[in-house]
Protein chains: 2
Amino acid sequence: MTDETAPTTAAAEPPTPRGEQTRQHILDTAMRLFRERGYAQTTMRAIAKEAGVAVGNAYYYFGSKEHLIQRFYVDSQAEHRAGAAALLARERDFATRLRGVLHAGIDVLTPSHEFAATFFKTAAEPTSPLSPFSAASSEPREAAIALFRDVLEGSTAKVDEELRPELPELLWLAYMGVVLYWVHDRSPGQAKTRQLIDGAVPLIDRAVGLSRLRVLRPITREVLHLIRTIRH
Amino acid sequence: MTDETAPTTAAAEPPTPRGEQTRQHILDTAMRLFRERGYAQTTMRAIAKEAGVAVGNAYYYFGSKEHLIQRFYVDSQAEHRAGAAALLARERDFATRLRGVLHAGIDVLTPSHEFAATFFKTAAEPTSPLSPFSAASSEPREAAIALFRDVLEGSTAKVDEELRPELPELLWLAYMGVVLYWVHDRSPGQAKTRQLIDGAVPLIDRAVGLSRLRVLRPITREVLHLIRTIRH
DNA sequence: ACCGCAACCTGAACACGTTCAAGAAAGGCG
DNA sequence: CGCCTTTCTTGAACGTGTTCAGGTTGCGGT
């Protein structure tokens, strides 16, 4: 992790790809241009020229222009976690933690609103490797879900024991909904998205609390059964 | 509606555009090719050639390739309504009506699953006129919401009076969620989507019924307030 | 030192969506 | 009928993402 000169001990290690430096350089250049000019306005020729390589070389490392933004997921996810860390270390109340994490996510995304909006359309395509539901992006997705697991497990919330293991994924799904709204949100500073978060969190909090009530148990079970059924 | 030769009486009528026939011919050709070969595989040159016009002529009538699929919305919406008509005339139970309408919607979409999946990505882009939330497609959206208003008003369901006027839009939103799931659904015959409908409808039905309970009134109010806030 | 092979790199060429300057057809008006 | 304006039509040309036949480079084996 600290240096790559030593082959260490493992045998199945990727055999030190020669062009890793080139790969990273192209990626960095692309991300910079995307942020500077926007995704659609950045041509592959411009990326190649700016990075000092041939166009074809970019395609040697990345199957398509879309693949150049997968890094966006990873970076955003890491920033999200970092941005929420202080709050998660401090607060114990479930609603407060959830609210903070949702706001932190939008905080991270905000500088890239235009950029993000443009490429979210490609993410929505089922066949795209960029879809948050696709197998190709399962790693950042799992990381994102883990963040919401942290929200729950570090809190004092009392949750139905059957619901508890499923809840992080549900919270992540809710977050995806917030992001979807945010992408379409044209209000100044995406203020409406902030209102959505502030309004939805207490409702989620209450619903989670109610899940333990004996009278609502059948409904909880029904919801859980539905979730398990439709999950691929 | 039956003939277009007579100028009838109205004055503000669109002054009989000359190329309406050409426009329709291009549209029909495009839709046919989309269904035959898929959206991405159908080139504008192929559409123009097949329709017997120059490629530039297609752009005279339609601003872009995407605009050629707006018809898909309208047609699907009409088919959906027609497909649900018999059930809506027969049944009075809210859950039965809702379930039938949701299934009818998927029935209509099913033959175009691959095609629909391909173009839903463009619909997801906020700036696209094809977005179901955009102003450009407000007409088919309103028609779709009206269908769910019919579901509610023709039923014997007892609903909180404050919730009632908002419910059709919420049901449409739920339908959009079902469609989103359906687009990503790779199970044989999209069977999972059918399970989602069958599982979600009873839950919606119960939630709607509970909205009238005095103890839940504050929550109902809160939900309604949130909806009104975040609606553009 | 040399060979062979895989990894890496090149840029012209291709197919596509889209634009545009130019023209043809149709309608109104004297 | 002749003229003008609006509507419609054309196809070459542009910029884009992507491909590919062919080069170059580095490295292990002899």
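Please read these numbers as outputs of a predicted model, since none were measured by experiment. Sequence lines set the chain letters: A, B, ... in the order given, protein chains first and strands last, and positions in each chain run from 1.
Following rounding to the nearest Å, A/R23 (CZ) and C/dC9 (P) show an atom-to-atom distance of 12 Å. We find that CD1 of A/I69 is positioned 14 Å from C1' of D/dG17, with the value rounded to whole Å. Here D/dT25 presents its P atom at 17 Å from CD of A/Q21, a figure rounded to the nearest Å. Atom-to-atom, CD1 of A/I26 to C1' of D/dT18 comes out at 15 Å; the value is rounded to the nearest Å. Between B/Y59 atom OH and D/dG11 atom P there is a gap of 16 Å when expressed in whole angstrom units.
Within the structure, every side-chain polar atom (N or O) of B/T22 is placed at least 4.0 Å from both OP1 and OP2 of D/dC8. The side chain of A/Y61 contributes an N or O atom lying less than 4.0 Å from OP1 or OP2 of C/dC9. Look at B/T43 and you won't find any side-chain N or O under 4.0 angstrom from OP1 or OP2 of C/dA15. The side chain of B/N57 contributes no N or O atom lying less than 4.0 Å from OP1 or OP2 of D/dC8.
A distance of 10.0 Å separates CG in A/L180 from OG1 in A/T193, rounded to the nearest 0.5 Å. One finds the CD1 atom of A/I106 at 11.5 Å from the OH atom of A/Y181 (value rounded to the nearest 0.5 Å).
For A/M44, the listed nucleotide lying nearest its side chain is D/dG17; candidates were D/dG17, C/dG17, D/dG11. Minimum atom distance to the side chain of B/Y60 is reached by D/dT7, of the listed C/dT10, C/dC8, D/dT7. Which of C/dC8, D/dT18, D/dG11 sits closest to the side chain of A/K65 comes down to D/dT18.
Ion pairing between B/E169 and B/R149 fails under the 4.0 Å rule for side-chain N and carboxylate O. Taking a cutoff of 4.0 Å between a charged side-chain nitrogen and a carboxylate oxygen, A/R194 and A/D107 qualify as a salt bridge.
Nearest-nucleotide positions on DNA chain C for A/V53 and B/G63 put A/V53 closer to the 5' end. Ranked by how close their nearest DNA chain C nucleotide is to the 5' end, A/R45 and A/A58 are led by A/A58.
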